[in-house]
Amino acid sequence: MATDYYAVLGVRRDASPDEIKKAFRRLARELHPDVNPDPKTQERFKEINAAYEVLSDPQKKQVYDLGGDPLSQAGGGGGAGGGFGGAGFGNFSDIMDAFFGTSQQRGPRSRTRRGQDAMIRLEIDLNEAAFGTTKEIQVDTAIVCATCNGEGAAPGTSPQTCDMCRGRGEVSQVTRSFLGQVMTSRPCPQCQGFGTIVPTPCPECAGDGRIRSRRTLTVKIPAGVDNGTRIQLAGEGEVGPGGGPAGDLYVEIHETAHSVFQRRGDDLHCTVTIPMTAAALGTKVPLDTLDGTEDVDIRPGTQSGQSVPLHGRGVTHLRGGGRGDLIVHVEVQTPGKLDAEQERLLRELAKLRNEERPTGQFQPGQQGLFSRLKDAFNGRS
Ligand SMILES: [Zn+2]
Ligand SMILES: [Zn+2]
């Protein structure tokens, strides 16, 4: 990732939303093109806008904190190129705020506003997470009303200029107070500040300019996604009021548990139980890996707790290619019920190995599994 948005705004990674906002306002005042038209400064102004766009939006911030760049994808809400513009609605009022100490807008407000982001959960299995897949998902979101093209007016009619405010969206009033005459403005009560009136609302969307609809989307899931990974689909969220630009859709990945493999990062772990004799003599055990059946090579003299890594048989790394390992942990089973013949043979073996009265090796504490695991890794790889 190229840009450190926290550094751009000069805040710590654990900065509160309020600190982020303050840092942005301070820089916006300093670097605004109207104040400082130097091209280098303008570039920097774009940067702080992009940084603020990400860090002021909880969802984008989360994507960024998880290592993604919410602005890097096509149309990703303004994008790095047009950091100030596109989706800068949120930013814009904050810039007004920075300059005028108020976010009150002048003139009529637009009926068109950006829609909200939407989120959908998607369950995939380990195989799909490891190698990537393409999924069709059904989404229920607001789309532009086709009957009125988002205008909100019934076909054949159109919004009309409000006669109370003459389209200004606000009405002024002179009041007398002990300070003298004071002029105050407030949003026009007849048009709610829009400056226009829709005399006949569209019957399809009741004047909202959008309707709910179910769509099918095809989502490409990259190899290496994990539980909680969010995939951003720019402009596939909710269309805004008045047919405003759509928010983004986030697809959150949920990986279903596998019957044999447990995933830790990009490595997979499983345990195989083998009889004592096989551990002593060595054997090959077939295992259904993600890449088909492979033999796990249990070497002669394998101890309980040792593990056998199958290199590159884990999950694909999301970034940078390559794959994790599949690690098979070995558990040796001591035979329980012995019949007379088996007991005789084992006693004979013990005698041959001088193990009839073992003294044992005592060590402090509980060393077993941990030290054996360490030894096993060092010995094997
Ligand atoms: Zn409509
Ligand atoms: Zn009005």
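We number each residue from 1, following the sequence as shown.
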Exercise for the section: Start with the C-alpha gap between Ile124 and Val225, add the side-chain angles, then the distance that decides, and say whether side-chain contact (heavy atoms from CB on, under 4.5 Å) holds. Expected result: CA-CA 10 Å; Ile124 62 171; Val225 293; 3.7 Å; yes
Please name the pair of heavy atoms, one in [X] and one in [Y], separated by the smallest distance, quoted to 0.1 Å.
X: Cys165; Y: Cys191; result: SG-SG, 3.7 Å
X: Val8; Y: Ala51; result: CG1-CB, 3.8 Å
X: Phe261; Y: Thr289; result: CZ-CA, 4.1 Å

Taking [X] for the side chain and [Y] for the main chain, is one N or O donor matched with an acceptor at less than 3.5 Å?
X: Asp339; Y: Glu341; result: yes
X: His258; Y: Val260; result: yes
X: Glu356; Y: Lys351; result: no
X: Arg210; Y: Ala142; result: no
X: Thr141; Y: Glu238; result: no
X: Arg230; Y: Gln232; result: no
X: Glu343; Y: Ala340; result: no
X: Asn149; Y: Glu151; result: no
X: Asp325; Y: Gly314; result: no

If you measure from the Lys or Arg side-chain nitrogens to the Asp or Glu carboxylate oxygens, is any gap between [X] and [Y] under 4.0 Å?
X: Arg215; Y: Glu136; value: no
X: Glu252; Y: Arg121; value: no
X: Asp117; Y: Lys60; value: no
X: Asp267; Y: Arg313; value: no
X: Asp18; Y: Lys22; value: yes

Handout entry: Full working for salt bridge (Lys or Arg N to Asp or Glu O under 4.0 Å) between Lys135 and Glu128
Key = CA-CA 10 Å; Lys135 286 271 184 187; Glu128 293 169 322; 3.1 Å; yes
Problem - More than 12 heavy atoms of other groups within 6.0 Å of Arg13 CZ - result: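 Yes - once you tally the heavy atoms of other residues, nucleotides and ligands closer than 6.0 Å, there are more than 12.
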Handout entry: Atom CZ of Arg212: over 12 foreign heavy atoms under 6.0 Å
Key = yes
Let me check something: do [X] and [Y] share a hydrophobic cluster, defined by ILVMFWY side-chain heavy atoms less than 4.5 Å apart, either directly or through other members?
X: Ile298; Y: Met276; result: yes
X: Leu287; Y: Phe131; result: yes
X: Leu9; Y: Val63; result: no
X: Val219; Y: Ile143; result: no
X: Phe45; Y: Ile20; result: yes

Problem - side chain to side chain donor-acceptor pair (under 3.5 Å) between Asp288 and Thr293, worked out - result: CA-CA 4 Å; Asp288 287 329; Thr293 306; 2.7 Å; yes
With a 3.5 Å cut-off and no angle check, do the side chains of [X] and [Y] form a donor-acceptor pair?
X: Glu255; Y: Asn227; answer: no
X: Thr196; Y: Arg111; answer: yes
X: Tyr6; Y: Asp65; answer: yes

Practice task
Just say parallel, tilted or perpendicular for the rings of Tyr52 and Phe24, cut-offs at 30° and 60°.
Solution key: parallel
Practice task
Check step by step if side-chain contact (heavy atoms from CB on, under 4.5 Å) holds for His317 and Arg323.
Solution key: CA-CA 5 Å; His317 301 310; Arg323 290 172 63 185; 5.5 Å; no
[X] side, atom [atom1]; [Y] side, atom [atom2] - distance, nearest 0.5 Å:
X: His254; Y: Thr229; atom1: NE2; atom2: OG1; result: 10.0 Å
X: Ile197; Y: Cys162; atom1: CD1; atom2: SG; result: 4.5 Å
X: Cys148; Y: Ile211; atom1: SG; atom2: CD1; result: 9.0 Å
X: Ile221; Y: Leu122; atom1: CD1; atom2: CG; result: 5.0 Å
X: Leu281; Y: Thr283; atom1: CG; atom2: OG1; result: 9.0 Å
X: Lys61; Y: Tyr5; atom1: NZ; atom2: OH; result: 13.5 Å

Practice task
Would you check, one step at a time, whether the test salt bridge (Lys or Arg N to Asp or Glu O under 4.0 Å) holds for Lys284 with Glu294?
Solution key: CA-CA 9 Å; Lys284 286 186 194 306; Glu294 283 182 40; over 6 Å; no
Practice task
Could you tell me which residues satisfy salt bridge (charged side-chain N to carboxylate O under 4.0 Å, His left out) with Glu43, sequence neighbours excluded, listed by chain and number?
Solution key: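 With neighbours one apart ignored, the set is empty.
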Handout entry: Audit row: Thr216, Gln138, side chain to side chain donor-acceptor pair (under 3.5 Å) steps and yes/no
Key = CA-CA 5 Å; Thr216 303; Gln138 303 264 314; 2.9 Å; yes
Exercise for the section: Could you tell me whether Arg109 sits above the aromatic face of Phe194, with NZ or CZ closer than 6.0 angstrom to the six-membered ring centre and within 45 degrees of the axis? Expected result: yes
Exercise for the section: I would like to know whether Tyr250 and Gln59 meet side-chain contact (heavy atoms from CB on, under 4.5 Å); could you show each step before the answer? Expected result: CA-CA 9 Å; Tyr250 290 86; Gln59 279 186 333; 3.5 Å; yes
Problem - side-chain contact (heavy atoms from CB on, under 4.5 Å) assessment of Asp226 paired with Arg263 - result: CA-CA 9 Å; Asp226 204 346; Arg263 179 172 174 181; 3.6 Å; yes
